[in-house]
Chemist: 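This is the structure, below, for whatever I ask next.
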Amino acid sequence: MELTGYWWPQVAANYSNNPPQGPRGSHCSGFVATGSATRDGKPVIAHESFDDFWSGQYFNVCEEVHPTNGHAFKMQTVPGYIDSMTDFYVTDAGLGITETTIAGFVGYDVNGMPEFIRARKATQYANNIDQWVKLVNEGNNGGYANIWLLCNINTGEIARYEQGLKNQELLESTDGFYYGRNACHNPRIRNLECVDNGYNDTRQQTGARLARFEQLLPEVSGTIDDSVAKKILADKYDPYLGYQCPSSRNICAHYDVDPQYYADDPHGVWNVPFFPGGSCDGKCADATDIQSLNMWGIFGRADGEPFDAKNFMKQHPEWNWQKGYLYDRPSQPWTLFD
């Protein structure tokens, strides 16, 4: 992702008057909660990946790593990767770690350190949130720029770390919640380091999920545990239309059924009708899970609704070029990876 979405646009700019833009995909929904927001007062962390179905289907590994040095950790990943890339980790230091990418981010330091190295190093060696943030920022190259969400079950702390290349913001708390939906809250990063990413536009995936998280998380505050986290990730309320229906604007995104009548902004993200992508999985963990180096996961959409590739391409033959690469995504159960 860093090579195609960050390095290539930066390098291409040196050779072209019309280089490709930075990453436009709106890649995930996530949140972290603690204190009065959770059922037991302890941290809960949750995340789902958005991706093209043809590529998202390969992130089907839950890997437990016991390195010679540093902390053991468990992560969702793809075969051969040294980090998660979908970015959901639990560690034996008591940390839970996830992120949502920064849509429309522009900026890359070719002399810096790749994000997959920084994220792996931070996850393996950090004893607490502040150490994790320090390590992930060492050599920051702007690659795969993220809104990081973290928790520490030993202190009850949660954090939101928005990491641009030139600007960063760290918020920490022992009460409440933070969420990510691909557009930065920090105005310096959002306005100075990004192209338009639909921050307040409920026609857009990012703006719609802002509205829904701001509505939903206060409603369920005080009850959040693993079971509620799974329901949040499965939420299909469309804030622009004002009712429940599968669409690109859901916390659990269904791009493949959305005709995109409303998203007419040419700078928007993934504004393609009936795009075969969206929610690819779901993960969550509470303090008890993290203590045992466990995590819950579901493969396929976070709401469990199946995707039939043959029927999809019959209805939308403009995607027939993905035949042989686009697979069915059947309904799967939530499973505890212990």
Side-chain angles (χ1 to χ4, degrees), residues 1 27-34 38 40 42-49 51 56-101 115-129 131-133 135-136 144 146 148-159 161 180 224-227 229-230 232-233 279-300 302 332-338:
M1 291 185 187
H27 275 293
C28 31
S29 294
F31 72 90
V32 62
T34 195
T38 61
D40 62 4
K42 299 176 182 179
V44 176
I45 191 167
H47 177 270
E48 64 186 300
S49 309
D51 209 340
Q57 65 202 7
Y58 296 108
F59 288 84
N60 63 345
V61 172
C62 183
E63 182 174 316
E64 188 168 302
V65 181
H66 291 264
T68 302
N69 300 305
H71 295 287
F73 59 92
K74 182 170 286 181
M75 64 179 176
Q76 178 197 8
T77 188
V78 71
Y81 281 20
I82 68 166
D83 74 328
S84 169
M85 189 54 71
T86 53
D87 290 325
F88 192 86
Y89 307 87
V90 295
T91 85
D92 70 5
L95 300 183
I97 303 148
T98 193
E99 51 79 12
T100 70
T101 54
E115 181 273 346
F116 68 87
I117 297 176
R118 293 182 282 111
R120 167 62 187 264
K121 183 178 178 181
T123 300
Q124 182 170 332
Y125 292 104
N127 298 314
N128 54 53
I129 290 173
Q131 285 184 2
W132 194 94
V133 169
L135 287 170
V136 85
Y144 200 46
N146 290 320
W148 292 99
L149 304 170
L150 304 102
C151 67
N152 185 340
I153 65 170
N154 300 311
T155 61
E157 290 176 288
I158 59 173
Y161 179 52
I224 297 173
D225 56 12
D226 279 337
S227 63
K230 296 170 187 176
I232 294 170
L233 295 180
S279 176
C280 290
D281 57 52
K283 296 86 61 180
C284 66
D286 64 13
T288 301
D289 299 325
I290 297 172
Q291 179 69 39
S292 303
L293 212 63
N294 294 343
M295 56 179 274
W296 286 91
I298 183 173
F299 200 55
Q332 301 282 355
W334 278 94
T335 302
L336 179 65
F337 291 87
D338 59 11

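Excluded from the calculations below are hydrogen atoms, water molecules and symmetry mates; all remaining heavy atoms, backbone and side chain alike, are included. Sequence positions, counted from 1, serve as the residue numbers for this chain.
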Chemist: For the residue pair Asp51 and Met1, establish whether any side-chain heavy-atom pair is separated by less than 4.5 Å.
Modeler: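 Yes; the side chains approach each other to less than 4.5 Å.
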Chemist: Backbone N or O of Trp148 within a donor-acceptor pair of the Asn146 side chain at under 3.5 Å?
Modeler: no
Chemist: What pairs meet the side-chain hydrogen bond (donor to acceptor under 3.5 Å, both in side chains) rule with one or both residues in residues 84-98, with sequence neighbours excluded?
Modeler: His71-Asp92, Gln76-Thr86, Ser84-Thr86, Asp87-Tyr89
Chemist: So, using side-chain hydrogen bond (donor to acceptor under 3.5 Å, both in side chains) as the criterion, who are the partners of Glu64 when residues are at least two apart?
Modeler: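 Checked Glu64 against side-chain hydrogen bond (donor to acceptor under 3.5 Å, both in side chains); matches are His66, Lys74.
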Chemist: Who pairs with Thr155 by side-chain hydrogen bond (donor to acceptor under 3.5 Å, both in side chains), at least two apart in sequence or on another chain?
Modeler: Glu157
Chemist: Say you draw a straight line from CD1 of Ile298 to OG1 of Thr335; how long is it, rounded to the nearest 0.5 Å?
Modeler: 8.0 Å
Chemist: How close do Ala72 and Pro67 get, counting heavy atoms only, and between which atoms?
Modeler: CA-CD, 3.9 Å
Chemist: With heavy-atom distances below 4.5 Å as the criterion, would you say the side chains of Tyr81 and Val61 are in contact?
Modeler: no
Chemist: For the atom pair CG (Leu293) and CZ (Phe73), what is the distance rounded to the nearest 0.5 Å?
Modeler: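 Separation between the atoms: 9.5 Å.
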Chemist: For Asn152 and Ala93, work out which heavy atoms get closest and say how close.
Modeler: OD1-O, 4.4 Å
Chemist: Kindly compute the distance separating CG (Leu95) from CG (Asn127), expressed to the nearest 0.5 Å.
Modeler: 8.0 Å
Chemist: List in chain and number order the residues that pass side-chain contact (heavy atoms from CB on, under 4.5 Å) with Ile82, two or more places apart in sequence or in another chain; answer none if no residue qualifies.
Modeler: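 Scan of Ile82 (side-chain contact (heavy atoms from CB on, under 4.5 Å), adjacent residues dropped) gives Phe116, Arg120.
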Chemist: For the residue pair Glu99 and Tyr144, establish whether any side-chain heavy-atom pair is separated by less than 4.5 Å.
Modeler: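 In contact.
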Chemist: Applying side-chain hydrogen bond (donor to acceptor under 3.5 Å, both in side chains), can you list everything that pairs with Thr123, at least two apart in sequence or on another chain?
Modeler: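 Thr123: side-chain hydrogen bond (donor to acceptor under 3.5 Å, both in side chains) contacts with Trp132.
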Chemist: Check whether any side-chain heavy atom of Tyr125 lies under 4.5 Å from a side-chain heavy atom of Asn69, and answer yes or no.
Modeler: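 In contact.
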Chemist: Where do Ile224 and Val44 come nearest, in terms of heavy atoms and distance?
Modeler: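 Taking every non-hydrogen atom into account, O-CG2, 3.9 Å.
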Chemist: Are the side chain of Asp286 and the backbone N or O of Asp226 linked by a donor-acceptor pair below 3.5 Å?
Modeler: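 It does not hold such a pair.
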Chemist: Roughly how far, to the nearest 0.5 Å, is OG1 of Thr288 from CG of Asp225?
Modeler: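 Interatomic distance, Asp225 CG to Thr288 OG1, rounded to 0.5 Å: 10.5 Å.
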Chemist: Quick check: closest heavy atoms across Val78 and Tyr58, and the distance to 0.1 Å?
Modeler: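 Reported closest heavy-atom pair: CG2-O, 3.0 Å.
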Chemist: Can you find a heavy atom in the side chain of Leu135 that is under 4.5 Å from one in the side chain of Gln124?
Modeler: no
Chemist: What distance separates Leu149 CG from Phe88 CZ, expressed to the nearest 0.5 Å?
Modeler: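 Nearest 0.5 Å value for the CG-CZ distance: 10.5 Å.
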Chemist: Just so I know, are the side chains of Asp289 and Met295 near enough to count as touching, which here means a heavy-atom distance under 4.5 Å?
Modeler: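 They are not in side-chain contact.
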Chemist: Is the CD atom of Gln332 crowded by more than 12 outside heavy atoms at less than 6.0 Å?
Modeler: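 Yes - once you tally the heavy atoms of other residues, nucleotides and ligands closer than 6.0 Å, there are more than 12.
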Chemist: Shortest non-hydrogen contact from Cys280 to Gly56?
Modeler: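 Scanning both residues, the minimum pair turns out to be SG-CA, 4.1 Å.
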Chemist: Check whether more than 12 heavy atoms from other residues, nucleotides or ligands sit under 6.0 Å from atom NZ of Lys121, and answer yes or no.
Modeler: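 Atom NZ in Lys121 is not crowded, with 12 or fewer foreign heavy atoms closer than 6.0 Å.
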Chemist: Which residues satisfy the side-chain hydrogen bond (donor to acceptor under 3.5 Å, both in side chains) test with Trp334, sequence neighbours excluded?
Modeler: none
Chemist: Do the side chains of Lys283 and Ser49 get nearer than 4.5 Å, heavy atoms only?
Modeler: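 Yes. Closest side-chain heavy atoms under 4.5 Å.
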Chemist: For a quick test of reading the model, state the closest non-hydrogen atom pair linking Asp281 to Glu48 and the distance between them.
Modeler: O-CB, 3.0 Å
Chemist: How long is the gap from SG on Cys62 to CG on Asp338, to the nearest 0.5 Å?
Modeler: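 Result: 9.5 Å between the selected atoms.
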